Amino acid sequence: MDNRPEKFLKCSKCGSGNIEITRSIPPENEGFFQKLLRKTRDRAMPSAPLSGKFYVICRDCGNVTMILK
């Protein structure tokens with residue numbers, strides 16, 4: 001069973017479900033290898049409820065929302 005938070009969260013600006021969850025905001029000039037390392041690290045996040053600080057990045061509108069839990 002997939003309990004990833006992406007299934008339940010939506011963009012706070014446009015309401016899209018096409019989001020990415022990350023522990024850090026990606027830099028604007030992020031290269032391929034930096035993006036690959038960040039995505040690999042983020043996929044290793046536990047599927048249990050998230051705790052601490054994380055960011056929801058909308059792939060449609062680009063809105064970034066920080067969530068403290």
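Residues: numbered from 1 along the sequence shown. Source: prediction; values computed, not measured.
A heavy-atom distance below 4.5 Å is found between the side chains of Met66 and Leu68. At a threshold of 4.5 Å between non-hydrogen side-chain atoms, the residues Asn63 and Cys14 do not count as touching.
Once rounded to the nearest 0.5 Å, the distance linking SG of Cys61 with CG of Asn18 reads 10.0 Å. If you take CZ on Phe32 and CD on Gln34, they are separated by 10.5 Å, rounding to the nearest 0.5 Å. Here the straight-line distance linking atom CZ of Phe54 with atom OG1 of Thr22 works out to 11.0 Å at 0.5 Å rounding.
Here the shortest heavy-atom pairing between Ile19 and Cys11 reads CG2-N, 3.9 Å.
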